[in-house]
Amino acid sequence: MQTYPHPFPISRVKIPSRQPIALISEHGDPAAQIGKDAAGGQNVYVRQVGEALAKLGWQVDMFTRKSNPDDATIVEHTPHCRTIRLVAGPETYIPRDRLFEYMPAFVAAFQKFQQQEGVIYPLAHTNYWMSGWVGLELQKHQNIQLLHTYHSLGAIKYRTVDHIPEIAQTRLAVERQILEQSHCVVSTSPQEMDDLRHLVSQRGRIEIIPCGTDIDNFQPISKTAARQQLGINSQGKIVLYVGRFDPRKGIETLVRAYAQLVERSADPGNLRLLIIGGSDPQADDGAERLRIEGIVNSLGIGASIKFVGMVGHDRLPLYYTAADVCVIPSHYEPFGLVAIEAMACGTPVVASAVGGLKFTVVPEETGLLVPAKDEAGFAEAIERILTDDLWAQQVREQAVARVQDNFSWTGVAAQLSDLYRSLLARSILQPPMLRMAPAPTSFRPQIARVS
Ligand code: UDP
């Protein structure tokens with residue numbers, strides 16, 4: 001991986017035969033360390049899709065907001081896939097709910113980059129509603145095919161949180177505009193498509209293309225070998241959580257369910273819960289981690305719970321394989337990459353029956369689904385998997401097959417690539433833009449309002 005400091009290097013040699021495309025992900029930096037602060041599934045999705053599309057022959061530029069002055073402006077992941085960090089607002093981490101005001105600056109920075117590089121991207125695949133807004137603004141100034149992946153829908157998310165942020169109305173309105181005005185929305189599950197149709201708009205094109213996983217990295221290996229490498233007792237039963245520390249992830253539900261398991265287990269010393277993800281307590285996600293630690297202590301179960309911290313994809317397969325069950329207790333989960341990563345390693349999943357998890361996890365075949373927040377239900381489902389070895393073995397095999405058949409990044413990228421090609425072919429029939437996008441200084445975007 002090669003990185004470049006400021007300013008943008010203009011000497012980069014472009015291969016003319018490659019079609020340049022832009023993936024836009026304003027807060028999910030594809031080059032970021034995953035598992036820390038707000039970095040999670042969106043970062044992984046954009047990076048993996050970008051790299052897989054580059055392998056299929058595209059020139060992929062992935063745009064994100066620069067959130068740290070020490071970060072390189074350009075990170076070259078492979079010769080035809082790079083992350084470009086645009087300056088839009090202070091170069092510091094800004095929570096998503098306060099980021100929208102910097103999106104006009106993001107649009108301006110994107111346009112400036114196009115001018116400097118002498119390129120106009122004919123297609124942008126935007127991620128999350130704020131990048132979708134950026135795409136809609138670009139559409140006003142250049143001939144661009146616009147695809148969008150939501151990653152999270154305000155209409156669902158706001159049902160699951162106690163505090164509705166000020167930005168909510170704007171977000172809901174923009175999410176509707178994106179569906180109605182972009183060329184295609186890429187929904188990652190049939191559930192998301194239903195939600196879009198019922199809660200967002202009846203208009204607009206939707207194609208279902210799921211998220212994927214790297215099946216060469218996440219694959220079944222020997223459980224004994226994995227535990228040996230991690231220095232874990234080979235006899236015990238291991239329950240695993242992997243993900244960000246965010247109240248919507250439902251870690252509290254898991255911890256309380258685990259306490260019930262410990263309570264009724266004949267051999268509680270044999271049980272262990274590993275919680276992976278998050279950074280140190282001072283970081284942005286530290287408040288949720290401290291809250292969860294407080295619950296663990298008040299339940300008196302701290303001795304068998306380990307907060308492992310952030311683990312990279314290089315070592316995560318060891319943890320998934322070492323575990324007997326991976327639990328995803330989210331209150332809302334648009335897709336849930338962790339589910340397919342665990343299943344790809346042959347680990348049964350117990351997940352909330354919400355969003356994309358209802359699509360990826362097949363009850364009784366690759367794991368079990370439980371109503372969100374149902375602590376007793378989670379305890380029961382986890383116990384079933386831990387105590388029925390024969391069935392758990394069948395689940396392992398079926399889980400691996402399900403991921404390999406449906407959720408490889410290569411397969412996902414091939415579907416996206418076909419869609420991009422069909423949209424670009426159609427755009428040739430539309431009148432081309434003959435001039436560059438207007439200078440950023442003259443750009444005056446409108447902030448969407450709820451009608
Ligand atoms: N992840 C990771 N290390 C960690 C915690 C999480 O690499 O310590 C990754 C995890 O493997 C997955 C992503 O972060 O690829 C989380 O994606 P998911 O869709 O499950 O949740 P999101 O973060 O989008 O809510």
Side-chain angles (χ1 to χ4, degrees), residues 25 27-52 96 127-129 131 149-153 156-157 160-161 188-189 191-192 210-215 217-219 230 240-251 254 274-280 283-286 288-289 292 306-323 326-345 347 349-352 354-361 367 372 403 407-409 412:
S25 173
H27 75 273
D29 182 339
Q33 232 182 338
I34 309 302
K36 204 176 152 201
D37 290 347
Q42 182 173 325
N43 310 58
V44 173
Y45 176 91
V46 177
R47 168 82 174 268
Q48 294 289 342
V49 160
E51 289 189 6
R96 284 177 226 181
N127 295 272
Y128 199 63
W129 71 273
S131 294
T149 301
Y150 283 91
H151 294 278
S152 160
L153 271 183
I156 308 269
K157 183 180 170 161
T160 65
V161 295
T188 54
S189 72
Q191 284 70 26
E192 189 185 26
C211 293
T213 196
D214 180 352
I215 56 172
N217 184 41
F218 295 106
Q219 56 167 300
L230 294 172
L240 178 70
Y241 169 85
V242 177
R244 290 179 295 115
F245 276 80
D246 180 323
R248 85 143 163 97
K249 289 291 187 179
I251 307 176
L254 168 58
L274 301 182
I275 298 182
I276 291 182
S279 29
D280 57 74
D284 202 65
D285 53 356
E288 178 62 359
R289 175 165 171 173
I292 299 295
K306 185 166 181 200
F307 291 87
V308 180
M310 198 178 64
V311 175
H313 275 196
D314 52 337
R315 282 179 69 79
L316 264 182
L318 292 176
Y319 282 94
Y320 285 127
T321 309
C326 178
V327 183
I328 307 170
S330 312
H331 302 166
Y332 165 48
E333 196 60 76
F335 185 81
L337 286 176
V338 166
I340 55 173
E341 291 167 3
M343 293 187 329
C345 294
T347 308
V349 169
V350 170
S352 300
V354 296
L357 297 170
K358 288 196 284 182
F359 171 49
T360 50
V361 181
V403 177
F407 304 115
S408 76
W409 280 125
V412 167

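All ligand and atom numbering here is 1-based and tracks the order in the structure. Note that this is a predicted model, so its numbers are computed, not measured.
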Notebook entry, point to check: For ligand 1, which part of His151 has a heavy atom less than 4.0 Å away: the side chain, the backbone, both, or neither?
Noted result: neither
Notebook entry, point to check: Any donor and acceptor pair, going by atom type alone, linking the side chain of Thr347 with main-chain N or O of Tyr320 inside 3.5 Å?
Noted result: yes
Notebook entry, point to check: Backbone or side chain, does any N or O of Gly41 fall under 3.5 Å from an N or O of ligand 1?
Noted result: yes
Check: Between the side chain of Asn217 and the main-chain N/O of His313, is any donor-acceptor distance below 3.5 Å?
Finding: yes
Checklist line | Gap separating the CD1 atom of Ile251 from the CZ atom of Phe307, nearest 0.5 angstrom | finding: 8.0 Å
Item checked: Which segment of Arg244 sits under 4.0 Å of ligand 1 when only heavy atoms are counted -> side chain
Check: Backbone or side chain, does any N or O of Val338 fall under 3.5 Å from an N or O of ligand 1?
Finding: yes
Next item on the list: Taking the side chain as every heavy atom from C-beta outward, state whether Phe218 and Val403 have any atom pair closer than 4.5 Å.
Entry: no
Margin query: Less than 6.0 angstrom separating the ring centers of Tyr128 and Tyr45, yes or no?
Written below: no
Next item on the list: With heavy atoms of Gly277 as the reference, note each atom of ligand 1 found under 4.0 Å away.
Entry: 5 (C), 8 (O)
Check: Counting from 1, what ligand 1 atoms have a heavy atom of Gly336 closer than 4.0 Å?
Finding: 19 (O), 20 (O)
Check: Is there any N or O on Leu316 that sits under 3.5 Å from an N or O of ligand 1?
Finding: no
Check: Which ligand 1 atoms does Met310 reach within 4.0 Å, using its non-hydrogen atoms?
Finding: 8 (O)
Next item on the list: Within a distance under 4.0 Å of any heavy atom of Val44, pick out the atoms of ligand 1 and give their elements.
Entry: 15 (O)
Note to self: Once rounded to the nearest 0.5 Å, what's the spacing between atom CG of Leu357 and atom CD of Gln191?
What the structure shows: 9.5 Å
Notebook entry, point to check: Quick one: which ligand 1 atoms are inside 4.0 Å of a heavy atom on Glu341?
Noted result: 10 (C), 11 (O), 12 (C), 15 (O)
Check: Which one holds for Leu337 and ligand 1: side chain close, backbone close, both close, or neither close, with close meaning a heavy atom under 4.0 Å?
Finding: both
Check: Can you check whether Val311 has an N/O within less than 3.5 Å of an N/O in ligand 1?
Finding: yes
Item checked: Close-contact set for ligand 1 against Ile276 heavy atoms, below 4.0 Å -> 8 (O)
Note to self: I'd like to check Phe335 versus Thr360 (side-chain heavy atoms, cut-off strictly below 4.5 Å). Are they in contact?
What the structure shows: yes
Notebook entry, point to check: Is there a donor-acceptor pair closer than 3.5 Å between any side-chain N or O of Tyr332 and the backbone N or O of Leu153?
Noted result: yes
Checklist line | Mode of Arg248 contact toward ligand 1 - side chain, backbone, both, neither (heavy atoms, under 4.0 Å) | finding: side chain
Check: Side-chain donor-acceptor pair under 3.5 Å between Ser352 and Glu333, yes or no?
Finding: no
